[in-house]
Novice: 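Let me begin by handing over the structure; questions about it come next.
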Amino acid sequence: MRQSLVVACSAVVALAVNILMDVYTDVPMLVRWAVAIAIAMVVTVLLARWTAARAQRDSGAPRQGSGPPR
């Protein structure tokens, strides 16, 4: 369920960025979509990390690499 929310949010961000760039700039369509997809990918990575951290925190599992140094 959480993965589909991340994908849906990323798609909405890509569409919103493309629409905003279309309205406020005179950039060609290919460049608009390239920028929109790049921003959506950043949003995807951030949301995926955030949801993974929440899931890990909610499950009570220790974070990877959080143990004492060897």
Side-chain angles (χ1 to χ4, degrees):
M1 177 68 179
R2 290 183 182 181
Q3 290 89 2
S4 58
L5 288 176
V6 170
V7 171
C9 288
S10 300
V12 168
V13 166
L15 183 61
V17 168
N18 189 25
I19 290 171
L20 288 173
M21 287 184 68
D22 185 31
V23 170
Y24 293 112
T25 66
D26 194 24
V27 178
M29 183 177 63
L30 184 62
V31 175
R32 282 195 328 253
W33 273 113
V35 171
I37 290 170
I39 291 173
M41 289 179 73
V42 170
V43 169
T44 302
V45 169
L46 293 175
L47 286 174
R49 286 184 182 173
W50 181 62
T51 56
R54 284 190 64 196
Q56 195 171 36
R57 185 188 68 215
D58 292 344
S59 71
R63 297 186 73 194
Q64 189 175 14
S66 63
R70 294 181 185 191

Novice: As a test of understanding, state which of V17, D22, I19 forms a side-chain contact (heavy atoms from CB on, under 4.5 Å) with R32.
Specialist: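 Passing option: D22.
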
Novice: Measure the CG-OG1 distance between L46 and T51 for me, rounded to the nearest 0.5 Å.
Specialist: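 Reported value, rounded in 0.5 Å steps: 10.5 Å.
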
Novice: Could you pull out the closest heavy-atom pair between S10 and A40, with the gap in Å?
Specialist: O-CB, 3.5 Å

Novice: Which heavy atom in A36 sits nearest to a heavy atom in N18, and how many Å separate them?
Specialist: CB-N, 4.0 Å

Novice: Could you pull out all residues at least two apart from L20 that satisfy side-chain contact (heavy atoms from CB on, under 4.5 Å)?
Specialist: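 In terms of side-chain contact (heavy atoms from CB on, under 4.5 Å), with neighbours along the sequence ignored, L20 is linked to Y24.
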
Novice: Would V43 end up clustered with I37 when hydrophobic side chains under 4.5 Å apart are linked, directly or stepwise?
Specialist: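 Different hydrophobic clusters.
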
Novice: Between V35 and V27, is there a shared hydrophobic cluster once you connect ILVMFWY residues whose side-chain heavy atoms come closer than 4.5 Å?
Specialist: yes

Novice: For residues V13 and L47: do they belong to one hydrophobic cluster (side chain heavy atoms under 4.5 Å, members Ile, Leu, Val, Met, Phe, Trp, Tyr)?
Specialist: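 Yes, it is one cluster - the side chains of V13 and L47 are joined through contacts under 4.5 Å.
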
